[in-house]
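The structure appears right after this line, and notes come after that.
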Amino acid sequence: MPRAFGITSVAAGSVCLALAYGLAFTRRGVTAGPWLMVAGLAALSAGIIVLGAMREAKNRRMLWLTLAVVVVQLVAGFGFALAYPERNPQAPQLLLGLPVRTAVVLYGVGVLPLLVLPLVYALTFETQVTPPE
Amino acid sequence: MTPQTQAALTTQPPVVATMVLYFVAVAGIAWWATRRTRSVRDFFVAGGTIGLFPMAMAAMAASLSGFAFIGGPGLVYTVGIGAVYVLLPLSLTTSMTAWLLAGKLRALADSHGAYTIPDAIGIRYQSPAAQGLAGVALLVAVIGYLATNFLALGVVLGAVLGVSVTTGVWIGALVTLAYSVSGGALAGVYTDVLQGSVMAVASILVFALAMSAGAGTEGFAATIVPADPAFLGPFGKLTPMAALSLFFVFGIGALGQPHVLHKFYMLKDPARLRWYPMVMTIAMSLTVLLFVGVGLAVKALVVRGEMPPLGRADDATPAFLTQYAPSWLAGLVFAGVAAAIMSSVNAFLSIGAAAVTHDIPRALGRTVRDELRWGRLSTLVISLLAAAVASRSQAMVAFLGIFGYGLFASTLVPALAIGLSWPGATRAGAIASIGTGLAVSLVMESLAYMRVFTFPAGVTATALALVSSLLVFLVVSRLTPGTGGRTETRSRSKQ
């Protein structure tokens, strides 16, 4: 079941990315392309994690939770940057020293997984990657 | 490098001394490793005797070329936050690589004696043809990568040692060749540990310097935003499509970089893989600090009028070091740049030699008898060929250099990264996707290079090749009967 979900997600992500690149050659690509890229990246990443990680029965809850976090941080982080253009580009609101939209992308998409994913990998390693003999 | 920067570096004895010291250390490691290289597995995968920390450091050093220290800061200076999309998927990619590939490749080394990346494809699909095709793709990419890396090494060594670029190319090539041919993967891994350490230390120190010099009293945002509002925007000066495309190419494409994946074969105890993403993420994060820090600092310094605008973006790091860093630190950074390039070159030489002596002959139904001797000879020939191209024709280097990352990504991500975890993957799907990646990369990159057409913003030949090969792999695998080969390989905690 997880494998079927994983490969379907990889396929859906690849199709979204192909559409995004295809649309880039047309005028509609300027608006629709980035959103398709975000959807494609989230689906592809989720599918890859499922294919790679979810093979054993134990610790699935933690992995599903991680998966949800990865999808949400990609969609919400990039989506926030795409959906809310800066109202005052010359003097934007700052968050941790950066314009808010930039801070959401850098800290949310870039820094948060730095702390979370390696830890989840280590915690789920015995059952997911190194199954018992 | 501008003549001013070059002159400033050449006249600094500490810079030259640091570089010479680094070469002496590399020679020492090579001498030690040569005495321990006795078999073909010693030569290509260090006999499978490497600990986690050296393996992760070697993977880090091999994956970061001179771009992290020279091209990257220049890209940040030019397009702002948009350049950071190259680094943004770092932790996602490291963990995905571990989940998808680390344990499986390591297990294939034990169960089937695999020691090349195309080996894993050949075993998975029970197909020497798929293995040979992957070997051809890797060989084409390796030659392109080697030529560009040798040229970059020539530029750095030429500037530091005060010799011509051609002489720099040959000095760099001969030093790398000496330890690659004699000590093989063992010398490669332990010089990588030295090289990775030099890179990390140099990056941390320069980052601290860049933060203090660049931020000034007002901070980066207050300095840069009024002068250039888009620079610190969420996509920098790139279009959203272009920035997200970088995330895709460097995030997903990194799953198919053989010079990194190859290191998993070398690990002694697979149970230690538990901490691989942690160690790798920390090492990578520290080493790319310079990439971001110098680019931002130079932009802020230029806006404040404390530094003249750069003539060329690639001068960001040399110009910053010349003006703000003590000469010993400049020496450490340039040793770090040379280290980054040499560690990548060493890994590419190993992959190229293995393709010539192992993967392609297997596809042709032949077995090379003395693989250790032929491996050394192939390393020598490939290296001399690439150095000759690099020293003779910069136009040829520029052309060959476009086939590298994209070829690796489009030929290996579907068939290897996805295929090792998906039982539905078939031999026909693997061969079709590797062929598609090879064809789309070569044709699209060549047409773009020759300016037959230009891609819209955000579209690159690498991205198109990767998407095409993914789709072809999935569709052909669905439409063709299963391979009946090995569908999944699990690592074992104790052998």
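Below, chain A is the first sequence line, B the second, and so on; all start at residue 1. Everything numeric here is computed off the predicted structure, so don't read it as measured data.
Using a 4.5 Å heavy-atom cutoff, the side chains of A:Phe78 and B:Phe247 are in contact. Under the 4.5 Å side-chain criterion, counting only non-hydrogen atoms from C-beta, B:Pro277 is not in contact with A:Leu117. With a 4.5 Å cut-off on side-chain heavy atoms, A:Tyr21 and B:Met241 count as touching. Residues B:Arg478 and A:Ile7 are in side-chain contact: their nearest non-hydrogen atoms beyond the backbone lie under 4.5 Å apart. Inter-residue side-chain proximity for A:Val105 and B:Leu88 is flagged as met; some heavy-atom pair is nearer than 4.5 Å. In this structure, the side chains of A:Ile49 and B:Leu100 stay at 4.5 Å or more apart for every pair of heavy atoms.
Within the 4.5 angstrom heavy-atom criterion, no atom of B:Phe473 approaches chain A. When heavy atoms are compared at a cutoff of 4.5 Å, B:Leu474 approaches chain A solely by way of its side chain, counted from C-beta outward. Contacts of A:Leu114 with chain B are made by both backbone and side-chain atoms, with heavy-atom separations under 4.5 Å. B:Leu87 does not touch chain A: none of its heavy atoms, backbone or side chain, sits under 4.5 Å away. Contacts of B:Phe248 with chain A are made by both backbone and side-chain atoms, with heavy-atom separations under 4.5 Å. Neither the backbone nor the side chain of B:Leu101 comes within contact range of chain A; no heavy atom of the residue lies under 4.5 Å from a heavy atom of that chain. B:Ser245 touches chain A through backbone and side chain together, each having a heavy atom under 4.5 Å away. Only the side chain of B:Ile81 comes within less than 4.5 Å of a heavy atom of chain A; its backbone N, CA, C and O stay farther away. For B:Ile282, no part lies near chain A; criterion is any non-hydrogen pair under 4.5 Å. Heavy atoms closer than 4.5 Å to chain B are found nowhere in A:Val116, neither backbone nor side chain. For B:Tyr276, no part lies near chain A; criterion is any non-hydrogen pair under 4.5 Å. Contact of B:Val459 with chain A is made through backbone and side chain together, with heavy-atom distances under 4.5 Å.
Contact count versus chain B (heavy atoms, under 4.5 Å) is highest, among A:Val38, A:Val111, A:Leu44, A:Leu74, for A:Leu44. When each of A:Val100, A:Leu41, A:Val104, A:Val109 is scored by its heavy-atom pairs under 4.5 Å with chain B, the top score falls to A:Leu41. Heavy-atom pairs under 4.5 Å with chain A peak, among B:Phe235, B:Phe455, B:Phe220, at B:Phe235. Of all the listed residues (A:Leu112, A:Leu36, A:Leu106), the one sharing the greatest number of non-hydrogen pairs under 4.5 Å with chain B is A:Leu106. Here A:Ala81 is the residue among A:Gly97, A:Ala81, A:Pro92, A:Gly22 with the most heavy-atom pairs under 4.5 Å with chain B.
B:Thr94 OG1 to A:Tyr121 OH: the interatomic distance, rounded to the nearest 0.5 Å, is 11.5 Å. Within the model, atoms OG of B:Ser285 and CG of A:Leu115 stand 9.0 Å from one another, a figure rounded to the nearest 0.5 Å.
The minimum heavy-atom distance between B:Ser95 and A:Pro118, with the atom names listed, is OG-N, 3.7 Å. For B:Ala271 against A:Phe125, the heavy-atom pair with the smallest separation is O-CE2, 3.4 Å. Summarising the geometry of B:Met278 relative to A:Leu119, their closest heavy-atom pair is CE-CD1, 3.7 Å, with the distance given to 0.1 Å. The minimum heavy-atom distance linking A:Thr102 with B:Gly233 is given by the pair OG1-C, 3.1 Å. Of all heavy-atom pairs between A:Leu51 and B:Lys104, the closest is O-NZ, 4.4 Å. Of all the heavy atoms in B:Trp99 and A:Val120, the pair that sits closest is CZ2-CG1, 4.2 Å.
Under a cut-off of 6.0 angstrom, the local environment of CZ in B:Phe53 is sparse, with at most 12 non-hydrogen atoms contributed by other residues, nucleotides or ligands.
Between the side chain of A:Ser14 and the backbone N or O of B:Val467 there is no donor-acceptor pair closer than 3.5 Å. Of the possible polar contacts, none joining the A:Arg101 side chain to the B:Pro234 backbone as a donor-acceptor pair under 3.5 Å is found.
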